[in-house]
Amino acid sequence: MDLSAINPILFIAGFLVAATPLIFAAIGELVVEKSGVLNLGVEGMMITGAICGFATAVETGSPMLGFAAAAVGGAALSLLFAFLTQITLANQVASGLALTLFGLGLSALLGQSYVGIKPPRLGDINFGPLSDIPVIGPILFTHDIILYLGIALVAGVWAVLKFTRAGLILRAVGESHDAAHALGYKVVRIRTLAIMFGGACAGVGGAYISLIRVPQWTEGMTAGVGWIALALVVFASWKPWRLLLGAYLFGGITQLQLNLQGAGVAIPVEYLAMSPYVITIIVLVILSADKSAAPASLGRTFHASH
Amino acid sequence: MIRLEKRPEPSRAFSLATPLLAVLATMVFGGLLFMALGKDPLTSIQTIFWEPLFGEFAFYYRPQLLIKGAPLVLIAIGLSLGFKAGIWNIGAEGQYIMGALFGAGMGLAFYPLEAWYVFPLMVMAGAFGGWIWAMIPAFLKVRFGTNEILVSLMLVYVAEQFLASMSLGLLKNPEGFGFPGSRNLQQYESAFNGDLIEGTGMHWGVVAAMIAVIFAYVLLSKHRLGFAIRVTGEAPRAAKFSGVNPTRLVLFCMGMSGLLAGLAGLFEVSGPAGQVTIDFNVGYGFTAIIVAFLGRLHPVGILLAGLLMALTYIGGDIAQSNLGLPAAAIQVFQGMLLFFLLALDMFTNYRLRFGRAEVA
């Protein structure tokens, strides 16, 4: 075992990358849950975004178009969930699972001819002399635009939820859909928009995996990141900044176990690979005692007639 | 204007009709999907649903129906108990893997001893493996209020890694020339779960599935615990007042579904699959979720739904080799089925009304 093989600067820069798919998927789901809807289809929307983004980037040669396509793909898939839960009033848990099962199949189908291809790379932003600063430069200023966009998105969601009227309405719908309905807000429309936003974010998160983190396409490559994102929302008690913190924590763990694998630690690779999931469970246990922060209408079906 | 009006009581007719309508809708949209893939839709649908049952080689495919259907029915029966009560065990895939590992491990521990008691011990170990894996989310739920959906799912990924580690390590065949994977249990008579009647596909897993169906039916219709499950699902508050103990219910439902999933894993690994390999699991644990819903969470319904889903697997394989239909297309097809079922379910509880709402 050679721990000195792990370069701390590269490690930190690496975990910022590892955390980004989680940030996107989780911040999207946070907005969805704030509106009172529990969408368990994150994994399915991520993997669909991953292949939509990958295919588009390969076909057009433009990674940015890939990310746009991933957002559209994720949002389009989430519309199925919105239709089931908002229009036909199906159970949200079952519908979310259906979305994931369907998404996994659909992505495998779409991705058949893309196995083994390298996608075009999205270059890092040129920060000029900033990236030459020792230690801080390589950690903070050597990334692609999407990574920074993820952080900006967290800030944006936080600001919108906290300071704007739209955020207030969204939260009202999530706390009490009946009261919001009585006040004249279009509960179904607001929730559908939230679900689509969540789908778009999950799609971009998925594409970040297939285009940047592991630049290639393999079936089921999101490997549970979508589910970890769901856990992350609980971890963050529905607060954007805590979510960012949590994503870095998980990104750190993921990156650390990969680096330890690379350094040839005495622990078998499989046990290192299962560690992010085990740690997610432990964190869930520690934080589950307090459910006070959850939106009150979370998971409940809304129908205007009762 | 179209709006929904809640029915005073769920419609029984629609409750029975929606699975059939969902299958029909899936055939239509699946056909369109196959057409988009450049295949003839009618031939594709016929290949999937007709060939395995009545085609030229049906004698070969029919036993497959039992082999593929049994694990789905076993797992789905267990899941349905929890789903009925609002307890969501989504990690059957992991419990299936652990059942297979425990069961195969037990059998391999005895190798090469030939004795009548080896297989029964493996069955017990398999059931225990699935049960204990399901007890983790169950215990965490009752003790700490942890969400069982997320925990049981995380444990699938843990189990997959565990499976990889076992087939590369402890359970690896010492005579396997370094290839990953265990000894083949099909070649170890005391551990082999073969056809009970030659050529029918009827192995112990099929027997277990039948017993599970009957057991669940009796439990739900005749036993107090079945009553507790139903009440908890329909009216959790009323259940509390009628003296239902939620903790016991969670432990029972999760434990039962884990046990059945573990059994399914054991019967698969000791029979059709034969050996523990890195990816011996093929997603039965997830497909069983579709089976449970398609069967309306009713034991007999699940039996039929399990056979139907097994049919799509077999038909899918045939379509793959005969028509070059991609394997993933069947997965999409199965996902679609669940979508249509959930969407059409609306008509069970609601009625469509045309015209404006009257102001009360």
Side-chain angles (χ1 to χ4, degrees), chain A residues 38 40 43-44 80-81 83-85 87-91 93-112 219 223-224 226-228 230-231 234 268-282 284-291 303-306, chain B residues 3-6 33 37 83 86 88 90 136-137 140-141 143-147 149-151 153-166 168-169 283 286-287 289-290 292-293 326-347 349-350 357:
Chain A
L38 180 67
L40 294 180
E43 179 84 3
L80 278 174
F81 176 83
F83 176 77
L84 286 175
T85 58
I87 309 292
T88 72
L89 309 175
N91 177 301
V93 173
S95 305
L97 290 172
L99 199 69
T100 289
L101 292 174
F102 182 74
L104 286 170
L106 184 70
S107 62
L109 189 62
L110 293 173
Q112 282 185 88
E219 263 181 46
W227 297 105
I228 294 183
L230 277 158
V234 180
V269 173
E270 295 81 21
Y271 293 91
L272 285 171
M274 68 172 74
S275 60
Y277 307 107
V278 174
I279 289 166
T280 306
I281 294 175
I282 295 170
L284 273 174
V285 169
I286 297 170
L287 290 158
S288 297
D290 179 28
K291 287 205 174 58
H303 182 227
S305 76
H306 36 240
Chain B
R3 60 200 174 77
L4 293 175
E5 187 182 86
K6 200 162 173 93
L33 171 77
L37 292 168
F83 289 179
W88 299 95
I90 309 300
I136 301 171
L140 295 178
K141 182 181 173 69
R143 180 73 183 74
F144 302 103
T146 315
N147 182 320
I149 300 176
L150 293 175
V151 175
L153 244 155
M154 290 295 147
L155 286 172
V156 174
Y157 296 98
V158 176
E160 279 177 353
Q161 293 299 331
F162 202 63
L163 173 67
S165 131
M166 284 295 127
L168 293 169
F286 291 117
T287 310
I289 298 172
I290 304 178
F293 282 113
I330 291 303
Q331 217 180 330
V332 174
F333 197 75
Q334 293 175 344
M336 248 185 220
L337 190 54
L338 186 49
F339 274 135
F340 282 115
L341 187 81
L342 291 169
L344 290 166
D345 229 7
M346 172 179 73
F347 296 108
N349 293 311
Y350 295 88

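Nothing here was measured: the structure is a model prediction, and the numbers come from that model. Reminder, nothing fancy here: chain letters follow the sequence lines and each chain counts from 1. Hydrogens, waters and symmetry mates play no part in the numbers below; they use all other heavy atoms, side chains included.
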Let's test your reading of the structure: which of B:V151, B:V332, B:L140, B:I330 forms the most heavy-atom pairs below 4.5 Å with chain A?
B:V332
Side-chain contact test, heavy atoms from C-beta onward, threshold under 4.5 Å: evaluate it for B:F286 versus A:L101 and give yes or no.
yes
Rounded to the nearest 0.5 Å, how far apart are CG of B:L150 and CG of A:L230?
5.5 Å
With a 4.5 Å heavy-atom cut-off, do A:E270 and B:L168 have their side chains touching?
yes
Find the distance between OG1 (A:T100) and CD1 (B:I289) and round it off to the nearest 0.5 Å.
9.5 Å
A:I87 versus chain B, heavy atoms under 4.5 Å apart: side chain, backbone, both or neither?
backbone
Rounded to the nearest 0.5 angstrom, the CD1-OH distance for A:I228 and B:Y157 is 8.5 Å
Is there a side-chain contact between A:L109 and B:L33 in this structure, where contact means two heavy atoms from C-beta onward sitting under 4.5 Å apart?
yes
Do B:F339 and A:L99 make a side-chain contact, defined as non-hydrogen atoms from C-beta onward lying under 4.5 Å apart?
yes
Tell me whether the rings of A:Y271 and B:F162 are parallel (<30°), tilted (30 to 60°) or perpendicular (>60°).
perpendicular
Between B:L37 and chain A, which part of the residue has a heavy atom less than 4.5 Å away: side chain, backbone, both or neither?
side chain
Most contacts with chain A, counted as non-hydrogen pairs under 4.5 angstrom, among B:G335, B:A329, B:P326
B:P326
Let me know if B:F293 has heavy atoms under 4.5 Å from chain A in its side chain, its backbone, both or neither.
side chain
Does any heavy atom of chain A fall under 4.5 Å from the side chain of B:I136, the backbone, both, or neither of them?
neither
A:L89 portion near chain B, given a 4.5 angstrom heavy-atom threshold
side chain
Checking A:S95 against chain B: side chain, backbone, both or neither under 4.5 Å from a heavy atom?
both
Rounded at 0.5 Å granularity, tell me how far NZ in B:K141 sits from CG in A:L284.
12.5 Å
Rounding to 0.5 Å, atoms OG1 (B:T146) and CD1 (A:I282) come to a distance of 11.5 Å
Checking heavy atoms, do the side chain of B:I149, its backbone, both or neither come under 4.5 Å from chain A?
side chain
Drop me the distance from B:M154's CE to A:T280's OG1, to the nearest 0.5 angstrom.
5.0 Å
Could you check if a side-chain atom of A:L106 sits within less than 4.5 angstrom of a side-chain atom of B:Q331, using non-hydrogen atoms only?
no
Pick whichever of A:S275, A:A108, A:A90, A:G224 has the most heavy-atom pairs under 4.5 Å with chain B.
A:G224
Can you tell which of A:M274, A:E219, A:Q112 has the highest number of heavy-atom pairs within less than 4.5 Å of chain B?
A:M274
Quick check: do B:V158 and A:V278 have side-chain heavy atoms less than 4.5 Å from each other?
yes
Between B:L342 and chain A, which part of the residue has a heavy atom less than 4.5 Å away: side chain, backbone, both or neither?
both
